[in-house]
Student: 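Can you keep this structure in mind? I'll have questions shortly.
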Amino acid sequence: MTQSLLARLSPEIKQYLVITGNYWSFTLTDGALRMLVVLYFHQLGYSPLAIASLFLFYEIFGVVTNLLGGWLGARLGLNKTMNIGLFLQIAAVTMLALDEQLLTIAYVMVAQALSGIAKDLNKMSAKSAIKLLVPKDQDNTLYKWVALLTGSKNALKGVGFFLGGLLLSLMGFQGALWFMSAMLTFTWLSSLLLLKQDLGKKKSKPKFRELLSKSRQLNLLAGARLFLFASRDVWFVVALPVFLASTFGWDHWWVGGFMASWIIAYGVVQANAPKITANKGSSYGQALFWVGLLSVIPALLALGLWVQWQPKVVIVVGLLIFGAVFAVNSSLHSFLIVKIADSDGVSMDVGFYYMANAMGRLLGTVLSGLVYQLYGLEVCLMISSAMLVIATVFTFGLSKRD
């Protein structure tokens with residue numbers, strides 16, 4: 001019955017399922033790997049800021065990878081860049097699994113750099129490929145497919161956090177990593193067999209100087225994306241976990257579990273964003289409305305903490321509200337970049353855009369540790385609100401095309 005059902009699916013749907021399954025498998029292990037590293041090094045007595053530094057190369061290499069990866073995708077085909085990403089993730093996981101005595105800060109940072117390159121090659125390839133599988137002028141279908149892929153990815157990343165903790169408890173650090181390596185190897189071999197050849201390959205060989213975007217719309221959207229994700233990570237990556245542990249006294253299981261649950265809920269909202277924004281104006285106008293709404297929330301949270309009004313309620317409820325509104329913003333952005341991107345060499349436009357995303361994550365990650373250590377969570381939230389105002393200005397320029 002399953003085989004007959006698969007036989008009736010169109011080639012485009014089959015490719016979408018292969019790409020989505022590939023992306024899901026990668027994301028699940030990516031979330032698990034992050035939680036494994038955090039919990040393991042926490043057990044070894046490393047401080048939160050020292051643990052955060054382990055992921056610095058992960059974010060730095062994301063900036064370079066998105067830019068160069070888009071160019072490679074246009075030259076080689078998205079099937080190849082996606083499979084290269086999977087292979088590099090297998091290498092990163094295997095590096096960490098070899099010998100616990102090798103796990104110095106520098107060694108783990110190198111492994112995380114490989115993982116960061118792998119993640120962004122995989123993401124750029126998956127997002128770009130959807131553009132080529134949906135017929136032109138079917139924006140609603142494109143929006144739904146992008147939202148489903150993006151939302152399910154984030155929900156699975158949250159599941160990956162739980163999986164990392166579970167595997168660490170059941171198998172230990174090295175056992176968990178070998179299990180994940182085997183899982184990724186199976187996905188990689190399946191992808192090599194099933195993914196269409198030359199998907200997304202540019203008709204003419206793109207030149208290296210074409211890496212930077214010449215599109216005003218794409219530049220504005222990339223600017224908005226940079227400050228959107230910096231506004232989240234400036235308080236979410238380091239400041240929030242440390243605050244929950246030090247101020248609320250939560251142990252690392254409560255902190256990890258809460259943040260994993262938040263990411264899962266965030267992914268569910270993201271996947272349903274097309275229903276939330278349906279029949280409420282143009283996608284550009286929607287993007288302006290939702291980012292403007294989001295810019296108010298961190299400022300209100302900072303005010304609540306400043307006057308010391310029920311800090312737990314402010315943070316827990318406020319974080320849920322922020323996550324829901326942020327998820328709609330992110331889903332709209334993911335749709336708009338795929339919509340704006342040129343079909344011929346789509347990966348170059350998508351790669352440039354996600355380079356801005358990676359720069360925002362890097363900026364937010366660095367500021368999250370620095371600002372929290374110097375001034376506290378309230379100032380992190382105020383900076384978040386200011387960044388969202390800047391993102392609103394970029395989005396206003398984008399929306400003027402209507």
Side-chain angles (χ1 to χ4, degrees), residues 2 6 14-40 54-55 57-58 61-62 65 69 72-73 76-103 107-129 149 152-200:
T2 303
L6 288 173
K14 290 178 182 177
Q15 286 296 290
Y16 177 77
L17 292 176
V18 173
I19 290 164
T20 302
N22 187 323
Y23 198 34
W24 282 358
S25 178
F26 184 98
T27 299
L28 193 62
T29 58
D30 189 53
L33 179 61
R34 176 163 291 229
M35 187 54 62
L36 276 169
V37 171
V38 168
L39 292 177
Y40 181 73
L54 296 173
F55 300 102
F57 280 1
Y58 180 95
F61 278 87
T65 303
L72 283 173
L76 303 177
L78 297 172
N79 60 307
K80 291 184 177 68
T81 50
M82 178 169 277
N83 290 329
I84 289 170
L86 271 172
F87 179 78
L88 289 176
Q89 183 75 342
I90 294 169
V93 172
T94 304
M95 274 183 67
L96 296 174
L98 288 175
D99 187 347
E100 292 186 11
Q101 294 182 351
L102 295 173
L103 299 181
Y107 184 85
V108 176
M109 288 180 75
V110 171
Q112 286 296 314
L114 277 180
S115 182
I117 294 169
K119 185 260 294 184
D120 284 299
L121 278 176
N122 197 269
K123 179 174 71 174
M124 178 277 300
S125 302
K127 295 288 182 70
S128 300
L149 180 72
S152 61
K153 182 267 293 186
N154 283 308
L156 277 175
K157 190 166 187 176
V159 174
F161 282 6
F162 285 121
L163 179 65
L166 179 64
L167 291 177
L168 184 62
S169 299
L170 296 178
M171 301 181 177
F173 186 69
Q174 287 183 289
L177 290 168
W178 284 120
F179 174 82
M180 287 165 52
S181 180
M183 176 182 170
L184 284 166
T185 300
F186 174 79
T187 303
W188 178 58
L189 292 174
S190 300
S191 183
L192 287 173
L193 292 172
L194 298 174
L195 200 57
K196 181 181 175 183
Q197 296 296 308
D198 298 332
L199 185 67

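Hydrogens, waters and symmetry mates are skipped; everything else that's a heavy atom, side chains included, is used.
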Student: Rounded to the nearest 0.5 Å, how far apart are CD1 of Ile90 and CG of Leu189?
Tutor: 7.5 Å

Student: Within the side chain of Ser191, is there an N or O that forms a donor-acceptor pair under 3.5 Å with the backbone of Thr187?
Tutor: no

Student: Is atom OH of Tyr107 surrounded by more than 12 heavy atoms (other residues, nucleotides or ligands) closer than 6.0 Å?
Tutor: yes

Student: Just to verify, what does Trp24 make a side-chain contact (heavy atoms from CB on, under 4.5 Å) with, not counting sequence neighbours?
Tutor: Thr20, Ser152, Leu156

Student: Does Ser115 have any side chain to side chain donor-acceptor pair (under 3.5 Å) partners at least two apart in sequence or in another chain, and if so, which?
Tutor: Gln89

Student: I'd like to check Val37 versus Leu33 (side-chain heavy atoms, cut-off strictly below 4.5 Å). Are they in contact?
Tutor: yes

Student: Taking side-chain contact (heavy atoms from CB on, under 4.5 Å) as the definition, give me every residue that meets it alongside Leu167, ordered by chain and number, with sequence neighbours left out.
Tutor: Leu163, Met171, Ala176, Phe179, Met180

Student: What are the two closest non-hydrogen atoms of Tyr58 and Lys119, and how far apart are they?
Tutor: OH-CE, 3.2 Å

Student: Identify the heavy atoms of Ala111 and Ala92 that sit nearest to each other, and give their distance.
Tutor: O-CB, 3.4 Å

Student: Looking at CG of Leu177 and CG of Leu96, how far apart are the two atoms once the value is rounded to the nearest 0.5 Å?
Tutor: 6.0 Å

Student: Indicate the atoms forming the closest heavy-atom contact of Phe26 with Gly85, along with that distance.
Tutor: CE1-O, 3.9 Å

Student: Kindly write out the residues that satisfy side-chain contact (heavy atoms from CB on, under 4.5 Å) with Leu88, not counting sequence neighbours, or none if the list is empty.
Tutor: Ile84, Leu114, Ile117, Ala118, Leu121

Student: Measure across Ala97 and Gln174 and return the closest heavy-atom pair with its distance rounded to 0.1 Å.
Tutor: O-NE2, 2.8 Å

Student: Please identify each residue that fulfils side-chain contact (heavy atoms from CB on, under 4.5 Å) with Ser190, with sequence neighbours left out.
Tutor: Phe186

